[in-house]
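All figures in this text were calculated on a predicted structure; none of them were measured in a lab. Chain identifiers are assigned alphabetically (A, B, ...) following the order of the sequence lines, protein sequences preceding nucleic acid strands; residue numbering begins at 1 within each chain.
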Number of protein chains: 2
Amino acid sequence: MSALRELELRHLVALDAVASEGTFGRAADRLGYTQSAISQQIAALERLVGERVFDRPGGPRPVELTPFGDVVLRHGRELLSRADSMHDELDRFRNGGVGRLTVGTFQSVSSAVLPALVRSMRTRHPDLEIRGRESPDDHELNGLLAAGEVDVSFIGGAPAPEFECRHLLDDPFVLLAQPGRFPDGPVNVSDLVGEPMIGQQPHSCQLLNEGSLRAAGCDPTYVFRSEDNGTVAAMVRSGMGVAILPFLCLEIEDPRLSFHRLEPVLPPRQITLAWRAGRTLSPAAEEFIELADDECSRLAATMSAFT
Amino acid sequence: MSALRELELRHLVALDAVASEGTFGRAADRLGYTQSAISQQIAALERLVGERVFDRPGGPRPVELTPFGDVVLRHGRELLSRADSMHDELDRFRNGGVGRLTVGTFQSVSSAVLPALVRSMRTRHPDLEIRGRESPDDHELNGLLAAGEVDVSFIGGAPAPEFECRHLLDDPFVLLAQPGRFPDGPVNVSDLVGEPMIGQQPHSCQLLNEGSLRAAGCDPTYVFRSEDNGTVAAMVRSGMGVAILPFLCLEIEDPRLSFHRLEPVLPPRQITLAWRAGRTLSPAAEEFIELADDECSRLAATMSAFT
DNA sequence: TGATGATCATTAGATAGGCTGATGTTCATG
DNA sequence: CATGAACATCAGCCTATCTAATGATCATCA
């Protein structure tokens, strides 16, 4: 289309320098070229735009912008300043300071892990735009990741093969009961046979839990299911039944409930952070992964004190 | 400073083409290059910005922007669109459509010539910004022109040597008197000896007039001076005296006054349009000069019918 | 008026960079 | 495992641009 596609920023820099210095020679000194080079650069610019941009009065008098050159210069300075601001933003992006980071997550991570992470990221990079997409379903989270709608995603289940991922945490299943319902300490899975159970809806996490129970010899009967962990806890407090939940779902300070390890230990839910393999991550995403790793190490330490 | 000063618009065009086409090869076809050239252009761009802008998954899969490349592309498209709008504005400027035109003028031209000129310019170029600077003093007008505060200036007196100029019109001096004060037809300058005169303030135009009178043997006595031509005419109507004014200053339709040629004819005021020699004029200014010439030719024809 | 000095233009030669065309490498597909 | 599509790389050519030297123009000043 436009012949201006051959324009180079160098030309505009030269134009600007000559316009402010008044002579080709001083502009050349300022830019580290010879006078001849500036003369040729301006000539090239004039060839591109099709008009003289400077009047050369001849002799020792300084050159002066033509009206046309003045228009070129005004637009040129605008272009240069855009290029500078691009440079600035690239620098900030390089260290994670700007851009958008979208994270896939599910409920227990959203409430137990993510808030601290978002807080750190926001204090480090106030201008970074952080978004989240929550789903109880691993399959949906995988889909969001594959489609590029999230940059990284927490995954509760098995790491899908087309993703790169980092294992962050083993989240053990814990028995939740009315205080006194069981003696303090670990509870054997066989003691739960026939016990009415409260559970979550049958999505990936819950199904893992149920499968493990059956494999350990206990075929659970669910008398109530809710996606809301507060509701599950309330039902347990009411005596409707007991519940097995991932540790991260628990409000461990609640004195109206008691928590028990299970024996044998059910295979814990593995919490990993996944991203598309072979795709370059944004610096913000890279940093997020490291912070998530740190945060989960701290969490693991806290958890081991409770179980 | 910024390494981005070596950026060329070509790089951004290539980035944009690859991002929309999905492969280097199709982008090359679109832009008329070979695949190799695009590959090298993208490599050059990546060297400039310091990061990969595309992930190349390898094999027959299409390339995809990295998060970094996405930032570069968004800024790059902004730059390209700025360059396009620069191109558009240069085109409009080339045919006089945009920009600013400042004209130096003095009273008689302002009232008799300029309105029609401004009207033509505005209908041809609605977006052109037209300004005027009026002064009764040729010397001041010369100064404005030399300082570049006006692009072109009407000058009533002698053309200053450092300006280029075009002679537009001879504006003859005309005697203004009460009807019946002199017989119809030309009046001899000697008949004005001792006649009380009304005149303008003693600036360049008025002084030219007085000097010519004296040279023709009539030493005028001014009983009233006003810069306002309506006031001068009113004083003449009142019988206070007679006046000699340039033709362009007259309201020739006024039946309460009569107009007379003078004999011998006083050297007319030469109305010229001047601009700085050796400086390129804006297309709008060039066009203005031609229009002024045309308009003044028409005026001269009208005038010769009256004198 | 003529020498001087500052300015930009032009030229020639060297160098760097970019494009083409051919080839190498990678990887999904059947 | 062969095929084909895609990007990378390389060599060779060509163009663009830089430097250095020289030429042309013009104000200034003696």
Side-chain angles (χ1 to χ4, degrees), chain A residues 3 5-15 17-48 51-66 69 146 161-162 164 276-280, chain B residues 3 5-15 17-48 51-66 69 146 161-162 164 276-280:
Chain A
R5 284 291 146 86
E6 294 173 33
L7 187 65
E8 303 182 15
L9 294 188
R10 276 182 315 119
H11 295 139
L12 300 177
V13 173
L15 173 66
V18 174
S20 24
E21 294 289 346
T23 77
F24 285 27
R26 277 199 298 278
D29 288 345
R30 189 214 279 187
L31 300 178
Y33 290 114
T34 61
Q35 170 262 319
S36 171
I38 294 297
S39 187
Q40 293 174 65
Q41 285 195 8
I42 296 296
L45 177 60
E46 289 176 330
R47 186 174 45 73
L48 282 174
E51 307 271 344
R52 285 262 161 150
V53 295
F54 286 111
D55 280 316
R56 289 87 153 164
R61 287 170 296 181
V63 300
E64 233 174 327
L65 280 173
T66 61
E162 78 259 36
E164 222 168 315
R276 280 180 288 178
R279 304 288 315 279
T280 304
Chain B
R5 284 291 145 85
E6 295 173 33
L7 187 66
E8 304 182 16
L9 294 187
R10 275 182 315 119
H11 295 138
L12 301 176
V13 173
L15 173 67
V18 174
S20 24
E21 294 289 346
T23 78
F24 285 26
R26 277 199 298 278
D29 289 345
R30 190 214 278 188
L31 300 178
Y33 290 114
T34 61
Q35 171 262 319
S36 171
I38 294 297
S39 187
Q40 293 173 64
Q41 286 196 9
I42 296 296
L45 177 60
E46 289 175 332
R47 185 175 45 74
L48 281 175
E51 306 270 345
R52 286 260 161 154
V53 296
F54 287 111
D55 280 315
R56 290 85 155 165
R61 287 170 297 180
V63 298
E64 233 173 327
L65 279 173
T66 61
E162 78 260 34
E164 224 169 315
R276 279 181 289 179
R279 304 287 316 279
T280 303

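- In this structure, A:R56 contributes its side chain and A:V63 its backbone to no donor-acceptor pair below 3.5 Å.
- Of the possible donor and acceptor atoms, one in the side chain of B:R61 sits under 3.5 Å from a partner among the backbone N and O of B:P57.
- Which of C:dG21, C:dA9, D:dA8 sits closest to the side chain of A:R52 comes down to C:dA9.
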Q: Under the salt bridge (Lys or Arg N to Asp or Glu O under 4.0 Å) rule, what do B:R276 and B:E164 come out as? Steps first, then yes or no, please.
A: CA-CA 6 Å; B:R276 279 181 289 179; B:E164 224 169 315; over 6 Å; no
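- Residues B:T66 and B:F54 share a closest heavy-atom pair of CG2-C, 3.7 Å.
- Here CG of A:L7 is found 6.0 Å from CG of A:L48. Values are rounded to the nearest 0.5 Å.
- We find that CG of B:L45 is positioned 12 Å from P of C:dG18, with the value rounded to whole Å.
- In this structure, the CG atom of B:L48 is 14 Å from the C1' atom of C:dG18, given to the nearest Å.
- Considering CG of B:L15 and CG of B:L9, their distance stands at 12.5 Å, rounded to 0.5 Å.
- Looking at residues two or more places apart in sequence or on another chain, you find a salt bridge (charged side-chain N to carboxylate O under 4.0 Å, His left out) between A:E8 and A:R10.
- Look at A:R10 and you'll find a side-chain N or O under 4.0 angstrom from OP1 or OP2 of D:dC18.
- Look at CZ on A:R56: it is 14 Å from P on D:dC26, rounded to the nearest Å.
- A search for salt bridge (charged side-chain N to carboxylate O under 4.0 Å, His left out) contacts involving B:E51 returns A:R94, not counting sequence neighbours.
- Considering only side-chain atoms of B:A37, the nucleotide from C:dC8, D:dC18, C:dC19 that sits closest is C:dC19.
- Where the helix from C:dT1-D:dA30 to C:dG30-D:dC1 starts and where it ends, the local axes point in directions that differ by 20°; five pairs per end, rounded to 10°.
- Proximity note for A:Y33 (side chain, C-beta onward) versus C:dC8, D:dC18, D:dA8: the nearest is D:dC18.
- For the pair B:F24 CZ and C:dC19 P, the computed distance is 14 Å after rounding to whole Å.
- B:E64 is linked by a side-chain hydrogen bond (donor to acceptor under 3.5 Å, both in side chains) to A:R279, counting only residues two or more places apart in sequence or in another chain.
- For the pair B:T23/B:V18, no side-chain contact is recorded, criterion being any heavy-atom separation below 4.5 Å from C-beta on.
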For nucleotides 10-16 of chain C, tabulate all protein N/O to nucleotide N/O atom pairs closer than 3.5 Å, reporting atom names and distance.
| from | atom 1 | to | atom 2 | distance (Å) |
| --- | --- | --- | --- | --- |
| C:dT10 | O4 | A:S36 | OG | 3.2 |

Q) When every nucleotide of nucleotides 24-30 of chain C is labelled 5' to 3' by its protein contacts under 4.0 Å (heavy atoms), B for base, S for sugar-phosphate only, - for none, what sequence of letters results? A) --BBS--
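- Judged purely by atom type and a 3.5 angstrom limit, A:Q41 has no side-chain atom pairing as donor or acceptor with the backbone of A:A14.
- Note: CD1 (A:I38) to C1' (D:dA16) measures 16 Å, nearest angstrom.
- Distance, B:I42 CD1 to D:dT9 P: 14 Å, rounded to whole Å.
- Between the CD atom of B:E21 and the CG atom of B:L31 there is a distance of 8.5 Å, given to the nearest 0.5 Å.
- Residue B:L31 contributes atom CG, which lies 11 Å from atom P of C:dT20 at whole-angstrom precision.
- Nucleotide C:dC8 holds its P atom 11 Å from the CD atom of A:E21, rounded to whole Å.
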